[in-house]
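For reference, the structure is listed below as structure tokens.
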2 protein chains.
Amino acid sequence: MECSIARALDVVGDPWTLLIVRDALLGVTRFEAFQARLQIPRATLTARLEHLVDAGILERRAYREHPPREEYVPTAKGRGLRPVIITLMQWGDEFARDDPPPTHLEDAATGRPIEPTLVDRVSGAPLTALRVRAVGRVVPRRDE
Amino acid sequence: MECSIARALDVVGDPWTLLIVRDALLGVTRFEAFQARLQIPRATLTARLEHLVDAGILERRAYREHPPREEYVPTAKGRGLRPVIITLMQWGDEFARDDPPPTHLEDAATGRPIEPTLVDRVSGAPLTALRVRAVGRVVPRRDE
DNA sequence: ATCCATGCGTTCAATGATTGAACTAACTGT
DNA sequence: ACAGTTAGTTCAATCATTGAACGCATGGAT
């Protein structure tokens, strides 16, 4: 499919991948660490890491020869997924929560809590306020 | 898992679900329309729609008796996924593109193109500028 | 009345992915 | 010599996904 979302989901559209990327962005780099944190089956983890490296989201990097050991660190493309993960977390907090969220975001400098919002970069107006229209493969809208 | 992202991915973490939700947010409501647009196998579509209704993301609504016909419309929870889909689309455009993106966003009132960015709602500062820290299940960070 | 089209599914066998548990291999530190 | 660390592989069992075909209620045209 030619759509950007479909191409994104080709890479990221399974239950584990985004959890791995989230942990990677939090600083996790090693096989054992991912496995222990996520409780992901080892074979699945192997497959996912392979896939993420192939897709250019993680980079395999030797951190020791003898025995050869490698760690996985996010590339720029991987770091680009941070907004996706943040908005997904927000949605989970807002719509699929039953207890207070275990993780929140704060400014590393001031310590103030951060509430991420999507705005238009140019006008600064929140997307919820604008009536956004998707142009290209349009289908008539009905309600909101 | 107790994390918001994991709970979100429980619902939305497969290759099809977000594509269905995207189409639903564009105004697609009917089984045949989803199937034709996405080329999704019919059995899979049945399962996904069921799941989305159970999760409270789509709502089944009769649009005709005799024969009973139902359509699927997004709930508030479903509409809440829009930022997720937008950021995912942006990532796909920026990092997984080879041709110009087929869909872009514009203000429905003025027609001006929109560039969605994540900012802190309070300070207005873009998240890329702040050094955001995830608090809760912390792991020491290394590089960026 | 008969025939075709529409709309929303179900059924089926085949293929593919995911799972958990156990195993391997190459080291290292004590 | 021996336990421990690290990053996997292997295997059989289960589960999900796929494509193709079928079902069924109806409406409209001939």
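Chain naming here is simple, since letters A, B, ... match the order of the sequence lines and numbering starts at 1 in each.
- In this structure a side-chain-to-backbone donor-acceptor pair under 3.5 Å is missing from Arg60(B) to Tyr72(B).
- Ala47(B) comes within 4.0 angstrom of nothing in the nucleic acid, heavy atoms only.
- Between Asp14(A) and Glu65(A), the residue whose closest nucleotide on DNA chain C is further toward the 5' end is Asp14(A).
- Val21(A) approaches Gly78(A) most closely through the heavy-atom pair CG1-O, 4.3 Å.
- No donor-acceptor pair closer than 3.5 Å links the side chain of Lys77(B) to the backbone N or O of Trp91(A).
- With a heavy-atom cut-off of 4.0 Å to chain B, the contacted part of DNA chain D has its first and last nucleotide at dT17(D) to dG27(D).
- Arg48(A) contributes no side-chain N or O that, together with a main-chain N or O of Thr17(A), makes up a donor-acceptor pair within less than 3.5 Å.
- At dT19(C), one or more side-chain N or O atoms of Thr44(A) fall inside 4.0 Å of OP1 or OP2 (strictly under the cut-off).
- Between the side chain of Asp23(B) and the backbone N or O of Phe34(B), no donor-acceptor pair lies under 3.5 Å.
- Ionic pairing of Glu32(A) and Arg42(A) is present here: one or more N-O contacts between side-chain nitrogen and carboxylate oxygen are shorter than 4.0 angstrom.
- Formation of a donor-acceptor pair under 3.5 Å by the Thr29(A) side chain with backbone atoms of Gly27(A) is not found in this model.
- Of the possible polar contacts, none joining the Thr117(B) side chain to the Asp120(A) backbone as a donor-acceptor pair under 3.5 Å is found.
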Check nucleotides 4-8 of chain C against the protein and report each pair of N or O atoms closer than 3.5 Å, with its distance, or say if there are none.
from: dG7(C); atom 1: O3'; to: Tyr63(B); atom 2: OH; distance (Å): 3.2
from: dG7(C); atom 1: N2; to: Arg69(B); atom 2: NH2; distance (Å): 3.2
from: dG7(C); atom 1: N3; to: Arg69(B); atom 2: NH2; distance (Å): 2.7
from: dC8(C); atom 1: OP1; to: Tyr63(B); atom 2: OH; distance (Å): 3.2
from: dC8(C); atom 1: OP1; to: Glu70(B); atom 2: O; distance (Å): 3.4
from: dC8(C); atom 1: OP2; to: Glu32(B); atom 2: N; distance (Å): 3.2

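- We find that CH2 of Trp16(B) is positioned 15 Å from P of dA17(C), with the value rounded to whole Å.
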